[in-house]
Amino acid sequence: MTDTLPEADSLARVVLHSEVQQFYARHMQLLDAGRADEWALTFTEDGVFAPEHRPEPVTGRAALTAAVAGAHAALVEQGEVRRHWHGMLDVTQNDDGTVAVRCYALIVGTPLGGETRVVMSCVCEDLLVREDGELKVKHRRVTKDGVAAPV
Amino acid sequence: MTDTLPEADSLARVVLHSEVQQFYARHMQLLDAGRADEWALTFTEDGVFAPEHRPEPVTGRAALTAAVAGAHAALVEQGEVRRHWHGMLDVTQNDDGTVAVRCYALIVGTPLGGETRVVMSCVCEDLLVREDGELKVKHRRVTKDGVAAPV
Amino acid sequence: MTDTLPEADSLARVVLHSEVQQFYARHMQLLDAGRADEWALTFTEDGVFAPEHRPEPVTGRAALTAAVAGAHAALVEQGEVRRHWHGMLDVTQNDDGTVAVRCYALIVGTPLGGETRVVMSCVCEDLLVREDGELKVKHRRVTKDGVAAPV
């Protein structure tokens, strides 16, 4: 038991860490539900989603919405549910007010009537910014495990 | 670095978020250890566990205890260990003091001398209430991936 | 909305819980990147890593560094990437200032050009201590699922 409040600096870090966790929870639940418009609003207007294993990054909310709507429709067609998990969040508050996160991502898939399996393991590096008090993804780099040789 | 304390409202949210995470950690460790009585105490006396893929919900601590004790005995008989992970917690404090959580659940299983696999992926929707200061599950709805066609 | 600050005691618990999560994120990212020296510095000088399924514990930073450097080199040789996830953290602040954590660990592996799979599920029991303000692992006991019969 203690009567001493933690330092303001510690508390600011904890608030940010919790906020990032809650942001990702909502962000991923929107993605997996195929709520493409709402998901795109968790990026900045010019937000970039850059998977290293794809030829081109997806840039801007319209393109992000279209990409997710298309991918979700294809999964529904196949009868497959996907769940994106983010974990092991290393959160850094930058001096310019932006937030850097490096974390792991696990994508779990289940076909209708079938077995659940791990579809993919990735590293996700996000640059988050604040707009009207809310966190948004400005840039996301995703590196899929198994694509490049480990070093 | 900052000298300014975060707002009381932010801090209250963070305390709740952390508390829910710790609650689930203990709750799931009790479940996986087969400590059925202690696990049932993390529900309210009239707590409901409603998996959509089962014909009936399990209602009340006595029934919850019996269900978990039976399931655990069957797993021990098979030599199988299960681990329940909750993640991507979207936590909402309701105006009436109850707490709504929508999160993902992953169940991982390992047979004696065998390979670990993902047994099940679910969405878990909990209504938590506070009794004598402690969080308890009043109602849990679990939707197992792969049972219904995705939409 | 609230104007009342949470109690100092609640805030201290939340700060610790968040700090442990961030500690593990950095700790595991160092491990999986094969940054053996930096990883060993997240243990105390005499830190012990005791997997129940190995004949001997690994003791002290030099031995910890060597063990991880060797394991990482072998994985690179095989073209395999591993990701260590810690979850379901049950964090206890002990009266002597040390911190006990019991949590689940999931190790996910992906071979070059191959499929991701769950390699291992474990229970991890850590004793953390503070040195110059930073958390360090003093003792880690790891129990691998599937080795002993469940009880």
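The sequence lines fix the lettering, A, B, ..., with proteins before strands; numbering per chain opens at 1.
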Q. From C/L5 CG over to B/L5 CG, what is the distance, rounded to the nearest 0.5 angstrom?
A. 6.0 Å
Q | Per-residue contact mode, C/T4 against chain B (heavy atom under 4.5 angstrom) | A | backbone
Q. Under a 4.5 Å heavy-atom cut-off, does chain B meet the side chain of C/V91, its backbone, both or neither?
A. both
Q. Do the side chains of B/H84 and C/Y104 get nearer than 4.5 Å, heavy atoms only?
A. no
Q: Let me know if C/L89 has heavy atoms under 4.5 Å from chain B in its side chain, its backbone, both or neither.
A: backbone
Q) Between C/P6 and B/A8, what is the shortest heavy-atom contact and its length? A) CD-O, 4.4 Å
**Q.** Nearest atoms (heavy-atom pairs only) where C/P150 meets B/L75
**A.** CG-O, 4.4 Å
Q) Would you call C/D3 and B/E7 a side-chain contact if the rule is heavy atoms closer than 4.5 Å? A) no
Q) Does some side-chain heavy atom of B/L112 sit less than 4.5 Å from a side-chain heavy atom of C/V147? A) no
Q.
Is there a side-chain contact between C/L106 and B/V108 in this structure, where contact means two heavy atoms from C-beta onward sitting under 4.5 Å apart?
A. yes
Q: Using a 4.5 Å cut-off on heavy atoms from C-beta on, say whether the side chain of C/V118 contacts that of B/R117.
A: no
(Q) If I compare all heavy atoms of C/M88 with all of B/M28, which pair ends up nearest, and what's the gap? (A) CE-CG, 3.6 Å
Q: Please answer whether the main-chain N or O of C/V14 pairs with a side-chain N or O of B/Q22 as donor and acceptor at a distance below 3.5 Å.
A: no
(Q) If you compare all heavy atoms of C/D145 against all heavy atoms of B/T110, which two are closest, and at what distance to 0.1 Å? (A) O-CG2, 3.4 Å
Q. Mind checking whether B/V76 and C/V151 have side chains closer than 4.5 Å, heavy atoms only?
A. no
Q. When heavy-atom pairs shorter than 4.5 Å are enumerated against chain C, which of B/A73, B/G79, B/A25 gives the highest number?
A. B/A25
Q.
For B/E131, I'd like to know if atom CD has over 12 heavy atoms of other residues, nucleotides or ligands within 6.0 Å.
A. yes
Q) Which region of B/E80, side chain (C-beta onward) or backbone (N, CA, C, O), has a non-hydrogen atom less than 4.5 Å from a non-hydrogen atom of chain C, or is it both or neither? A) backbone
